[in-house]
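Order of the sequence lines sets the chain letters (A, B, ...), proteins ahead of strands, with each chain counted from 1. Only this structure's heavy atoms are used, side chains among them; waters, hydrogens and symmetry mates stay out.
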There are 2 protein chains.
Amino acid sequence: MNDQNKPYILIVEDEAPLVTLLRYNLEKQGFRVEDAGDGGEALTRIAEATPDLVLLDWMLPTMSGIEVCRQIRRRPATRTLPVIMLTARAEEQDAVRGLDTGADDYIAKPFSTEALIARIRALLRRAGSVPTKAKLNFHDISLDPASHRVQRNGRTLHLGPTEFRLLEFFLRHPKRVFSREDVLNAVWGRDIHVEPRTVDVHIRRLRKAINGPGEIDIVRTIRAAGYALDLEAAL
Amino acid sequence: MNDQNKPYILIVEDEAPLVTLLRYNLEKQGFRVEDAGDGGEALTRIAEATPDLVLLDWMLPTMSGIEVCRQIRRRPATRTLPVIMLTARAEEQDAVRGLDTGADDYIAKPFSTEALIARIRALLRRAGSVPTKAKLNFHDISLDPASHRVQRNGRTLHLGPTEFRLLEFFLRHPKRVFSREDVLNAVWGRDIHVEPRTVDVHIRRLRKAINGPGEIDIVRTIRAAGYALDLEAAL
DNA sequence: CGTTTCATGACAGTACGATGACATTACCGT
DNA sequence: ACGGTAATGTCATCGTACTGTCATGAAACG
């Protein structure tokens, strides 16, 4: 079970050594890194799985970085995808045009790794791709992702791994209804084959774990629609 | 170890004028500086007293900087020692090779002293050599980095080197959960190939070493997530 | 009242971590 | 330089918590 909550960065660059260098530094910083050698490959990979951020070289074989960026901006699905352009110093005045085409930032080669990392983090933060490690709260429940602890009324609860992720997911989107398919995609993973009914079972396990005697149920069942983290009380 | 409170930097460089220049600037920044003229001397000095960081020239008489770096990485005691490569050739290929051998960063000559200082500080911060020489405490455990001593309830414990670094790492981030990969990166080093399962074994050795009879276990296992320094029984 | 949808308990298979053993390597004093 | 001891990384095994699925009963709808 390969947990991929790391931000996913796609490098589009044809110079292999630079790719190696970037990959090394970015992975060291805790990012998941993929790379594409030309524009076509880049667009394909983006279509397959949307990255959290794209590092896009200005000069590319067959299709320029500008064109790739335009294509990215053309599709609704990737319209807000953060893109950082990599340009050679001589092309710096072109940077303006790069931004015109929709890049979110640019950086001139050669650049220091710290500068690049800083910009990446800034963009990811702005885009909200970095999962917050702040405590999550709802009603009388609190979940701390850092220490992996869940409490209700101060009393610590023990949850299995799946129940924990399930609760975390609901806490990140309180009061919203999710179908079983939604939940499977978000909590289990996109390409995992699991029966939708299995969600029921884990919802039940979650309820059993978090609902002490005399406490109200925070998980609401919406018939024919799905589940939500909400107070049932509303009539 | 490092008896003085100043971070200790070892310069490995054969060009005397550059050594003088570096020494002058680094000492002005509050570092303690030693130098070695070739790879053999460097390794000897490192064996005598582990520096907090090594500035390593790429081109050295008798033994190349790459080889020195490999030697440093081969011993467990210096596996996580921060190394910055100084290279005259700014080509990225060389940089990549330098990083492949386990250097943490590189900088191309000629470089500005500010840039170098910035990288040194960044590495030291990440390595955690700078922030605390102070004793670390958690529950009834105390660890003194300076004297390399660990106590529980006043009773002195004997830890192996790896267990010591492991405990030190956890003490610096109490109650936080770390995956095996996190632990490997932080305690073993970034580009070292070690099976994630090995962490289990060392966690076990750490537990055996610090948990006396009748004492509670301070190391918490979080299934499918990792380990944390925390009290299992939480209220 | 019948149909649809969900809750629940049971269960077999599995994944995960704990543990002991072991071969190899590093370290230290002689 | 050498030999003994400590330390390290890997593996196989074992017990247990967890997982996914189903059968059945309850509840909600028309």
(Q) Please compare Ala225(B) and Arg74(B) by the position of their nearest nucleotide in DNA chain C and report the one closer to 5'. (A) Ala225(B)
Q.
If the condition is side-chain hydrogen bond (donor to acceptor under 3.5 Å, both in side chains), which residues does Arg180(B) pass it with, not counting sequence neighbours?
A. Asp200(B), Tyr227(B)
Q: Calculate the interatomic distance between Arg180(B) atom CZ and dA15(C) atom P; express it in whole Å.
A: 15 Å
**Q.** side-chain hydrogen bond (donor to acceptor under 3.5 Å, both in side chains) partners of Glu41(A), counting only residues at least two apart
**A.** none
**Q.** Thr78(A): partners by side-chain contact (heavy atoms from CB on, under 4.5 Å), with sequence neighbours left out
**A.** Ile46(A), Thr50(A), Ile72(A), Arg75(A), Leu81(A)
(Q) Run the side-chain hydrogen bond (donor to acceptor under 3.5 Å, both in side chains) test against Glu215(B) and tell me which residues pass, sequence neighbours left out. (A) Asn153(B), Arg155(B)
Q.
Can you confirm if the aromatic rings of Phe169(A) and Phe178(A) lie within a centre distance of less than 6.0 Å?
A. yes
(Q) As an exercise, state the distance from OG1 of Thr162(A) to CZ of Arg223(B), rounded to the nearest 0.5 Å. (A) 10.0 Å
Q.
Between the opening five pairs and the closing five pairs of the helix from dC1(C)-dG30(D) to dT30(C)-dA1(D), how far apart are the helix axes, to 10°?
A. 40°
Q: May I ask you to verify if any side-chain N or O of Arg75(B) is less than 4.0 angstrom from the OP1 or OP2 atom of dT25(C)?
A: no
Q: Only counting residues at least two apart or in another chain, list the ones meeting salt bridge (Lys or Arg N to Asp or Glu O under 4.0 Å) with Asp35(A).
A: Arg23(A)
Which atom pairs, one a donor and one an acceptor, fall under 3.5 Å between side chains of residues 203-212 of chain B and the rest of the protein, sequence neighbours left out?
{"from": "Arg207(B)", "atom 1": "NE", "to": "Asp217(B)", "atom 2": "OD2", "distance (Å)": "2.8"}
{"from": "Arg207(B)", "atom 1": "NH2", "to": "Val219(B)", "atom 2": "O", "distance (Å)": "3.0"}
{"from": "Arg207(B)", "atom 1": "NH2", "to": "Thr221(B)", "atom 2": "OG1", "distance (Å)": "2.6"}
{"from": "Asn211(B)", "atom 1": "OD1", "to": "Arg152(B)", "atom 2": "NH1", "distance (Å)": "3.0"}
{"from": "Asn211(B)", "atom 1": "ND2", "to": "Arg207(B)", "atom 2": "O", "distance (Å)": "3.3"}
{"from": "Asn211(B)", "atom 1": "ND2", "to": "Asp217(B)", "atom 2": "OD1", "distance (Å)": "3.0"}

Q: Look at the side-chain N and O atoms of Lys208(A) and state whether any lies under 4.0 Å from the OP1 or OP2 oxygen of dT8(C).
A: no
Q. Contact class for Tyr227(A) vs. all strands (heavy atom < 4.0 Å): base, sugar-phosphate, or nothing?
A. sugar-phosphate
Q.
Can you list everything that forms a side-chain contact (heavy atoms from CB on, under 4.5 Å) with Glu15(B)? Sequence neighbours excluded, please.
A. Glu13(B), Pro17(B), Leu18(B), Lys109(B)
Q: Considering just the side-chain nitrogens and oxygens of Arg204(A), establish if one lies under 4.0 Å of OP1 or OP2 belonging to dC6(C).
A: no
Q. Once you round it to whole Å, what is the distance between P of dA28(D) and CG of Asp200(A)?
A. 16 Å
Q) What integer distance in Å separates Phe178(B):CZ from dG17(C):P? A) 17 Å
Q: Taking side-chain hydrogen bond (donor to acceptor under 3.5 Å, both in side chains) as the test, write out the residues that go with Ser142(A), two or more places apart.
A: none
Q: Between protein and nucleotides 7-18 of chain D, map the contacts as a letter string: B base, S sugar-phosphate only, - none, heavy atoms under 4.0 Å, written 5' to 3'.
A: SBBBB------S
Q. Can you list, by residue number, the residues of residues 215-222 of chain B that have a non-hydrogen atom closer than 4.0 angstrom to DNA chain D?
A. none
Q. How many Å lie between CG on Leu166(A) and P on dT19(D), as a whole number?
A. 10 Å
Q | Residues in side-chain contact (heavy atoms from CB on, under 4.5 Å) contact with Ile222(A), at least two apart in sequence or another chain | A | Val177(A), Arg220(A), Ala225(A), Ala228(A)
